[in-house]
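In what follows, a structure is listed as structure tokens, so that the remarks can point back to it.
The figures that follow rest on heavy atoms only: side chains count, while hydrogens, waters and symmetry mates do not. Order of listing sets the numbers, starting from 1, for every ligand and every atom in it.
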Amino acid sequence: MTDSSTRVRPDRRAELAAALAAVRSRIADACAAAGRDRAEVTMIAVTKTYPAADVLALAELGVTDVGENRDQEAAGKAAEVAAAGAAPRWHFIGRLQRNKARSVVRYADAVHSLDSVRLARALDAAATGRDRPLTALVQVSVDGDPSRGGALPDSADPDVGLGAVAEAVASAPALRLAGLMAVAPLGWEPDRAFARLAEVAEWMRAVHPEATALSAGMSGDLEIAIRYGATHVRVGSALLGMRPTLR
Ligand SMILES: *Cc1c(COP(=O)(O)O)cnc(C)c1O
């Protein structure tokens with residue numbers, strides 16, 4: 001079903017295959033070093049800025065999960081990939097405005113960037129009527145700086161306090177509370193960031209035992225995230241190459 005516009009050239013396919021093998025072996029080594037079962041860690045290929053053809057090539061190489069951070073880009077790409085006959089799970093990992101909720105729930109299996117009660121309500125309303133709940137991970141601000149997104153641990157804020165956000169997701173019929181997501185803050189050693197995240201995750205599981213997923217670790221720090229319990233690593237540049245612009 002794949003037509004020429006969604007098919008990569010053989011050299012690109014070989015490049016993706018080699019990068020994928022390298023990332024898979026990094027993940028396996030990190031699991032072995034941490035004494036963890038490899039099956040506990042899902043790799044999400046972050047395909048932002050790269051075309052649908054790359055997603056299809058990765059899917060043909062066995063990648064089951066892909067991540068995108070902008071609705072406008074992701075919606076079109078997901079449609080192209082579906083039209084070509086592939087069905088990876090789409091993870092939305094970027095900052096999300098409430099007015100994009102209706103679009104995102106059409107293609108996303110999971111949203112990792114849920115960080116306010118208001119966004120939980122918007123996604124719940126948008127996902128009502130889907131054939132399956134939307135998997136939701138609450139994004140946590142590890143350094144407590146609200147300007148870069150993320151719910152705030154140890155805060156009683158009714159919109160962005162972590163307790164309030166987790167409760168809103170847990171009680172939303174069209175959402176399934178899966179766990180937490182974080183990005184290591186700029187200027188923090190990944191070790192310190194993921195150690196802090198692991199503490200927050202422990203608190204979360206005490207209150208919401210079903211919230212076992214931990215989405216942490218990117219191309220540069222996935223080994224450290226796996227050491228601190230990551231169940232989902234989001235890998236972009238190590239698989240697809242350096243992106244033209246940082247975002
Ligand atoms: C882009 C992005 C990634 C992937 O980053 P790489 O360093 O390219 O692996 C992971 N998580 C989020 C939230 C991103 O926006």
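Contacts between H112 and ligand 1, counted as non-hydrogen atom pairs separated by less than 4.0 Å, are absent for every part of the residue. Within the 4.0 Å heavy-atom criterion, both parts of I93, backbone and side chain, lie near ligand 1.
Judged as a side-chain hydrogen bond (donor to acceptor under 3.5 Å, both in side chains), the pairs with a partner in residues 211-222 (not counting sequence neighbours) are, in order, H112-S215, S215-R234, S219-S237. The ring-ring contact (aromatic ring centres under 6.0 Å, His included) pairs that include a residue from residues 40-66 number zero, where partners must be two or more places apart or lie in different chains.
Proximity annotation for atom 14 (C) of ligand 1: of M218, K48, R95, E68, K48 comes nearest, heavy atoms only. Nearest to atom 7 (O) of ligand 1 by heavy atom, out of S237, A216, S113, is S237.
Counting non-hydrogen atoms of other residues, nucleotides and ligands closer than 6.0 Å to CD of E210 gives a total above 12. Within 6.0 Å of atom CZ in R121, 12 or fewer heavy atoms from other residues, nucleotides or ligands are found, so the atom counts as exposed in its surroundings.
For the salt bridge (charged side-chain N to carboxylate O under 4.0 Å, His left out) criterion with E68, the lone passing option out of K77, R89, K100 is K77.
Of all atoms in ligand 1, listed by their number and element, those nearer than 4.0 Å to a heavy atom of R234 are 4 (C), 9 (O), 10 (C), 11 (N), 12 (C), 13 (C). Close contacts of ligand 1 with V235, meaning ligand atoms under 4.0 Å from a residue heavy atom, involve 9 (O).
Every N/O-N/O distance between M181 and ligand 1 stays at or above 3.5 Å.
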Could you go step by step and tell me if Q139 and L114 meet the side-chain contact (heavy atoms from CB on, under 4.5 Å) rule? CA-CA 6 Å; Q139 184 175 349; L114 201 162; over 6 Å; no
